[in-house]
Amino acid sequence: MQNTKANNKVPDIAKAGFTSAWLPPAVDSFSPDGYTPQNLYSLNTKYGSEHQLKALLQKMKQYKVRSMSDIVINHRVGTTQGRGGMYNRFDGIPLSWDERAVTSCTGGMGNRSTGENFHGFPNIDHTQGFVRKDIIGWLLWLRHNVGFQDFRFDFAKGFSPKYVREYIEGARPLFSVGEYWDSCNYNFSTLDYNQDSHRQRIINWIDGTGQLSTAFDFTTKGILQEAVKGNFWRLRDPQGKPPGVMGWWPSRAVTFIDNHDTGSTQAHWPFPKDHLMEGYAYILTHPGIPTVFYDHFCDWGNSIREKIVKLIDIRKCQGIHSRSPIRILEAKQNLYSAIIGEKVCMKIGDGSWCPSGREWTLSTSGHNYAVWNK
């Protein structure tokens, strides 16, 4: 999304009730999408110029929408060939690290990685004190010189969460979220009912950040996109709670339907598009911190956008928050229903259901979903 195009959408985003907007990596990159960064202090990208970016962030601040920077610090593309003929030196640009800044497992002279390797690129060695000092300096620059307020940590599996803690403590973003994307548990091609070990791994990562960062709730996404195909029994765990990270630690669970990797043009793990609004009816009425995908809000037509905005409005007006209590009433093959907080009741699926009691009023409904409030 170009900075100028985004600038024009800020009033609509603010009016819809969004509090933060995640922007793509705003730094010079080997690939134009921004996810293979090189010169971290250059803000001229395919998305626009440094001037346009700062104007966008200023407008977002004016409309009280926080700007979230995509922090890609697992790997970095070198400018110069070092030992072994690999591009693992960063000569001639700010943060001019040598081969010590690259992990030994990806061709550098640093220590082994503290996480998984991102193959094909020099992975940054976060055990090095000079690397961490430089990254904190850069993050402080993003916060105070550029104007970003929130951080999203890309490929969080690639380095120890204790470094994320150090970076958050050093730069003090208003809000942080980590992309700890781990595979769900499958039996061949069938998703297991019990995903406790999957959500525990995400929770372990949050704990590793000193509980300073939230994490994307990949467990909820994986379960929800199977549930909407007619397996709504998946949406209640053996303890009667929501089965994702949201069910165990809702104030640290950032729920979502799709992102630029899972959906959009890449479509690595897309949510079934015929059931999109059932997914949003679930995450926008439930505890956790819900997010809406840009494509769905801006590119899928006015009808989808208006339905999403209505659900956001219900959430805000009825006081649903990340820790709202939830009571699951039904979770069977073709139906899921729940009461959230004191004032909201919802159902998804093609099963027939409505709440008992005259105090409930239908506030919105669509194909296979309905929400009531008192």
Side-chain angles (χ1 to χ4, degrees), residues 22-31 33-43 45 67-79 87-90 93-146 148-181 205-206 208-210 212-216 259-261:
W22 157 23
L23 303 177
V27 299
D28 169 61
S29 169
F30 182 72
S31 60
D33 57 25
Y35 287 96
T36 53
Q38 189 169 64
N39 183 351
L40 298 180
Y41 279 95
S42 172
L43 300 176
T45 69
S67 52
M68 179 180 290
S69 179
D70 203 328
I71 307 299
V72 186
I73 50 173
N74 173 77
H75 47 276
R76 186 182 176 200
V77 176
T79 59
Y87 281 85
N88 52 17
R89 295 183 61 90
F90 306 90
I93 56 175
L95 308 189
S96 52
W97 300 333
D98 59 22
E99 297 99 316
R100 293 173 302 148
V102 176
T103 60
S104 58
C105 36
T106 59
M109 293 174 61
N111 296 306
R112 289 195 64 79
S113 176
T114 56
E116 293 190 13
N117 288 336
F118 189 88
H119 296 289
F121 295 95
N123 283 213
I124 294 171
D125 179 9
H126 295 266
T127 71
Q128 305 282 9
F130 73 90
V131 166
R132 299 200 303 279
K133 179 174 177 287
D134 283 351
I135 287 175
I136 290 171
W138 174 65
L139 294 174
L140 282 166
W141 177 75
L142 285 178
R143 285 278 290 116
H144 301 295
N145 293 65
V146 182
F148 282 105
Q149 294 166 291
D150 298 347
F151 291 160
R152 178 253 184 195
F153 289 94
D154 179 68
F155 199 73
K157 290 172 69 174
F159 50 101
S160 170
K162 71 181 180 182
Y163 301 123
V164 174
R165 175 180 187 165
E166 191 173 334
Y167 300 144
I168 292 172
E169 288 175 338
R172 298 193 174 275
L174 300 184
F175 179 84
S176 295
V177 58
E179 183 210 22
Y180 192 87
W181 185 0
W205 182 87
I206 298 168
T209 72
L212 295 180
S213 181
T214 64
F216 285 110
N259 61 31
H260 67 288
D261 286 320

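Hydrogens, waters and symmetry mates are skipped; everything else that's a heavy atom, side chains included, is used. The structure displayed is predicted, hence computed values, not measured ones.
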Counting C-beta onward and ignoring hydrogens, is there a side-chain heavy-atom pair between Trp138 and Ile71 closer than 4.5 Å? yes
Drop me the distance from Arg89's CZ to Trp97's CH2, to the nearest 0.5 angstrom. 13.5 Å
Checking side-chain polar atoms at under 3.5 Å, does Asn259 have a donor or acceptor matched by the opposite partner on Trp22? no
Just wondering, do Lys157 and Trp205 contact through their side chains at under 4.5 Å, heavy atoms? no
Return yes if some donor-acceptor pair links the side-chain N/O of Asn39 with the main-chain N/O of Tyr41 below 3.5 Å, else return no. yes
Taking C-beta and beyond as the side chain, do Val77 and Tyr87 meet within less than 4.5 Å on heavy atoms? no
If the condition is side chain to side chain donor-acceptor pair (under 3.5 Å), which residues does His75 pass it with, not counting sequence neighbours? none
For Asp33 and His260: C-alpha separation, side-chain torsions, deciding distance, then whether side-chain contact (heavy atoms from CB on, under 4.5 Å) applies. CA-CA 10 Å; Asp33 57 25; His260 67 288; over 6 Å; no
Tell me whether Ser69 contacts the main-chain N or O of Asp150 through its side chain, where contact means a donor paired with an acceptor under 3.5 Å. no
Considering non-hydrogen atoms only, spot the tightest contact between Phe90 and Val102 and give its length. CE1-CG2, 3.9 Å
Can you measure from OG1 (Thr103) to CD (Gln128) and round to the nearest 0.5 angstrom? 10.5 Å
Please give me the minimum heavy-atom distance between Pro122 and Gly78, naming the atom from each residue. CG-N, 4.3 Å
So how far is it from Ile206 CD1 to Tyr180 OH, rounded to the nearest 0.5 Å? 11.0 Å
For Ser29, all residues meeting side-chain contact (heavy atoms from CB on, under 4.5 Å), sequence neighbours excluded: Ser31, Thr36
Kindly give the heavy-atom pair with the smallest separation between Leu140 and Ala171, and that separation in Å. CD2-CA, 3.7 Å
Does a sphere of radius 6.0 Å around CZ in Phe30 hold more than 12 heavy atoms from other residues, nucleotides or ligands, not counting ones at 6.0 Å or beyond? no
Residues in side-chain contact (heavy atoms from CB on, under 4.5 Å) contact with Arg112, at least two apart in sequence or another chain: Ser104, Cys105
Derivation of the side-chain contact (heavy atoms from CB on, under 4.5 Å) call for Arg100 and Asp125: CA-CA 8 Å; Arg100 293 173 302 148; Asp125 179 9; over 6 Å; no
In sequence, state the C-alpha distance, the side-chain angles, and the governing distance for Asn74 and Phe121, and then conclude on side-chain contact (heavy atoms from CB on, under 4.5 Å). CA-CA 10 Å; Asn74 173 77; Phe121 295 95; over 6 Å; no
Taking only Lys NZ, Arg NE, NH1 and NH2, and the carboxylate oxygens of Asp or Glu, determine whether Arg152 and Asp154 approach each other closer than 4.0 Å. yes
Ala101 and Val131: which non-hydrogen atoms are nearest, and at how many Å? CB-CG2, 3.7 Å
Verify the distance criterion only: is there a donor paired with an acceptor across the side chains of Asn123 and Ser113 at less than 3.5 Å? no
In Leu142, Leu95, Asp134, the residue satisfying side-chain contact (heavy atoms from CB on, under 4.5 Å) with Leu40 is Leu95
Would the distance check show the side chain of Glu99 and the main-chain N or O of Gly108 forming a donor-acceptor pair, the cut-off being under 3.5 Å? no
Note, Ile73 side chain near Phe159 side chain (heavy atom, < 4.5 Å): yes
Can you tell if the side chain of Tyr167 reaches within under 4.5 Å of the side chain of Arg132, non-hydrogen atoms only? yes
Stepwise side-chain contact (heavy atoms from CB on, under 4.5 Å) check, Tyr35 with Phe155: CA-CA 10 Å; Tyr35 287 96; Phe155 199 73; over 6 Å; no
Would you say the side chain of Asp28 lies within less than 4.5 Å of the side chain of Ile93, judging by non-hydrogen atoms? no
Spell out, as yes or no, whether a donor-acceptor pair under 3.5 Å connects the side chain of Gln149 to the backbone of Arg143. no
Taking the side chain as everything from C-beta on, heavy atoms only, tell me whether Thr127 gets closer than 4.5 Å to Thr114. yes
Does any non-hydrogen side-chain atom of Asp70 lie less than 4.5 Å from one of Pro24? no
